[in-house]
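Read through the structure below, which is laid out as C-alpha cells, and then see the notes.
Excluded from the calculations below are hydrogen atoms, water molecules and symmetry mates; all remaining heavy atoms, backbone and side chain alike, are included. For ligands, and for the atoms within them, numbers begin at 1 and follow the listed sequence. Heads up: numbering here begins at 1 and tracks the sequence.
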Amino acid sequence: MNDVHTLRWRDEDGGSWLELLDQTLLPQQIKSLECHDVETVAEAIEMLRVRGAPAIGVAAAYGVVVGALQACALSPTAFRASIESDIERLAATRPTAVNLFWALEHMRGTLSDTAQLGDNAKVCQQLLRAAHRVCEDDKDLCRRMGEHGAELIKPESTILTHCNAGALATAGWGTALGVIYAAAAQGKQLRVFADETRPLLQGARLTAWELSQADIDVTVLCDGAAASLFAAGEIDTVIVGSDRIAANGDVANKIGTLGVAVLAHEFGVPFYVVAPTSTVDMSLPSGDLIPIEQRASTEVSEGFGRRTVPEGVKVYNPAFDVTPHHLVSAIITEHGVARAPFEPTLTAWGTAVLSQAV
Ligand code: MRU
C-alpha cells in the first residue's frame, strides 16, 4: 500500500478534486478515480469503489467539498441549498455504516457555523478544513486502535478475519488490520486467515492484497471453510471491523460475520471487534434497530461475470448482519478495550469528537 492511496484530496493548478482508489478493480488493476462532482462520489460509494465504514465517512466529507466548489458561483442562498441537497444525496448511498451519517453531520454543522460568512469561497475553505479533519483524525484513531488491540494478540498467533477492515477501508492503516499491523510491528509472529467474503470478495480481493503487500502471512479460504479451521484448532483469535455498533454492544458487520462469531463462541476463541467511536451509535439501544442494506441480486447470481443461479430463482443478499453482544469478547476503540457489559463503557467514552487541530 506504500504508494497507493485509498483516498486523498488533490489540489493542483487545474483545480481540486477527490481521488479514490477504485477498489472494484483490485487486485488486477490499481487505478484511481477522479471525483469532480458529487454524483461521482455518491456512485463510488454505492458501487463500493470506496468502501469500509470509516473510508465511506471520509469520502462523503470530501464529497461535500467537491459539491461546494462546484456551486461556488451561485448566490449564497442557492449555494447553501445546493450543499444541503448534496448532503442528502450522499446520505442516501448506503444505510448501515453510521460513520457516513456522522461525517455528514459534521459537515452540516460546519456549514451552519459559517452562516455569517457571506463569501462562498471562504465557506468552501472551512468545509475543506472540516473534511481534512475527518480524514486526519481517522489516521490517528487507526493508530490508537492498533496500539490498544495489539496488547490482546499473543506473541505467536493465528488470526481469522472477515471482509476488509484495513487501509483500504479507512484513511489510515485500518481497524481490524490496524491491530494486525501493530502486532506485527511489535515482532509478533502472525498468520492470518482471510475469509474470501462472499459475494463481493473483499477478503480475497482486498484483505489478501493489502496483507501480502505488507509481507504478512495470509491465506484465503472460502467462507464455508472457516468451521473446519476452527475444528482443527487452527484459529486462536478472530478480529473484525464494524459498520455500526449499538449501545448494548451488538455489532453490525459484513454479512457472514455472525457465523464467524458463532463459530468462535463454539470453539472458545476470542472474537474481537475493532472500530472507532464514530462507528458507535448510542441512539440505538440494540442491534435489531440497525438498518441493514439489501444489495442487488446480481451480486450473487452473476457475481463472477457469468450466471451462477438459474434464471427466475430468488436471491437473498443482505450486505451486513448483526452479531449479538454476548458473542463479542471485546470492542476495541481509540479509547481502549471494552468488555461486557459494554454499555457503561461505551457511554463513558461518549460520541466521537473531532480534534480541532489541522
Ligand atoms: O460493504 P463493505 O465492503 O463496505 O463492508 C465493509 C465491512 O463490513 C467492514 O468490515 C467494516 O466497514 C469495517 S471497515 C474498517
Side-chain angles (χ1 to χ4, degrees), residues 1 6-7 20-24 26 44-60 93-103 138-139 141-146 149 160-181 194-207 209-211 223 238-245 251-261 271-281 287 290-296 299-300 303 317-323 328 331-334 352:
M1 286 288 300
T6 300
L7 73 190
L20 302 172
L21 176 64
D22 186 344
Q23 298 187 32
T24 61
L26 288 172
I45 296 173
E46 283 166 346
M47 299 308 294
L48 277 59
R49 299 186 199 287
V50 60
R51 31 70 47 208
I56 293 172
V58 177
T93 50
R94 298 191 74 189
T96 304
V98 75
N99 309 61
L100 171 69
F101 308 100
W102 173 84
D138 190 51
K139 293 180 190 170
L141 299 181
C142 284
R143 188 188 49 73
R144 288 162 59 189
M145 285 181 276
L160 181 84
T161 190
H162 191 76
C163 196
N164 173 266
L168 290 166
T170 63
W173 68 359
T175 59
L177 297 194
V179 169
I180 290 172
Y181 293 133
D195 279 347
E196 66 172 353
T197 315
R198 285 280 285 143
L200 296 181
L201 306 180
Q202 288 93 330
R205 295 187 305 104
L206 309 179
T207 295
W209 182 75
E210 70 165 269
L211 288 179
D223 299 349
V238 175
I239 313 181
V240 296
S242 173
D243 288 79
R244 197 184 295 222
I245 300 173
V251 171
N253 192 47
K254 177 54 54 194
I255 190 71
T257 303
L258 170 58
V260 174
F271 178 89
Y272 298 132
V273 177
V274 190
T277 47
S278 52
T279 302
V280 180
D281 185 350
I290 297 176
I292 299 296
E293 177 183 9
Q294 301 292 324
R295 292 192 59 88
E299 289 182 351
V300 175
N317 187 23
F320 302 98
D321 58 27
V322 176
T323 297
V328 177
I331 297 174
I332 297 127
T333 76
E334 68 272 24

- prompt: What atoms in ligand 1 come closer than 4.0 Å to a heavy atom of Q202?
  reply: 1 (O), 2 (P), 3 (O)
statement: When every non-hydrogen atom of A53 is compared with those of S242, the smallest separation belongs to CB-O, 3.7 Å
field: Test item, S242 contacting ligand 1 (heavy atom, 4.0 angstrom)
entry: yes
Within-4.5 Å side-chain heavy-atom neighbours: D195 and K254: no
task: Check if T257 has a non-hydrogen atom at a distance under 4.0 Å from any atom of ligand 1.
output: no
query: Looking at ligand 1, does R94 have a heavy atom less than 4.0 Å from it?
result: yes
task: Please round to the nearest 0.5 Å and tell me the distance separating atom CG of L48 and atom CZ of R94.
output: 4.0 Å
task: Nearest heavy atom to atom 3 (O) of ligand 1 wins, so pick from R51, M145, H162.
output: R51
task: Pull out every atom of ligand 1 sitting under 4.0 Å from any heavy atom of L48, numbered as shown with elements.
output: 1 (O)
- prompt: At a 4.0 Å threshold, what atoms of ligand 1 neighbour a non-hydrogen atom of K254?
  reply: 1 (O), 2 (P), 5 (O), 8 (O)
field: For atom 15 (C) of ligand 1, closest protein heavy-atom neighbour
entry: T175 OG1, 3.1 Å
With A171 via side-chain contact (heavy atoms from CB on, under 4.5 Å) - residues at least two apart: L7, V58, C135, D138, K139
- request: Show which atoms of ligand 1 fall inside a sub-4.0 Å distance from at least one heavy-atom site of A169.
  value: 14 (S), 15 (C)
message: Does any part of the side chain of N99, heavy atoms only, come nearer than 4.5 Å to the side chain of I56, both counted from C-beta?
response: no
query: What atoms of ligand 1 come closer than 4.0 angstrom to any heavy atom of A53?
result: 12 (O), 14 (S)
- request: Evaluate the side-chain proximity of Y181 to E210: yes if any heavy-atom separation is below 4.5 Å, no if none is.
  value: yes
message: Within ligand 1, which atoms have a heavy atom of N253 less than 4.0 Å away?
response: 7 (C), 8 (O), 9 (C), 10 (O), 11 (C)
query: Quick one: does ligand 1 sit under 4.0 Å from the side chain of A165, the backbone, both or neither, non-hydrogen atoms only?
result: both
Minimum non-hydrogen distance to atom 11 (C) of ligand 1, winning option of T279, N99, D243: D243
message: Quick check on G174 - does any of its heavy atoms sit under 4.0 Å from an atom of ligand 1?
response: no
query: Shortest non-hydrogen contact from R205 to L200?
result: NE-O, 3.0 Å
message: Between R198 and D223, does any NZ, NE, NH1 or NH2 come within less than 4.0 Å of an OD or OE carboxylate oxygen?
response: no
Nearest-0.5 Å distance that lies between atom CG in L258 and atom CZ in F271: 8.5 Å
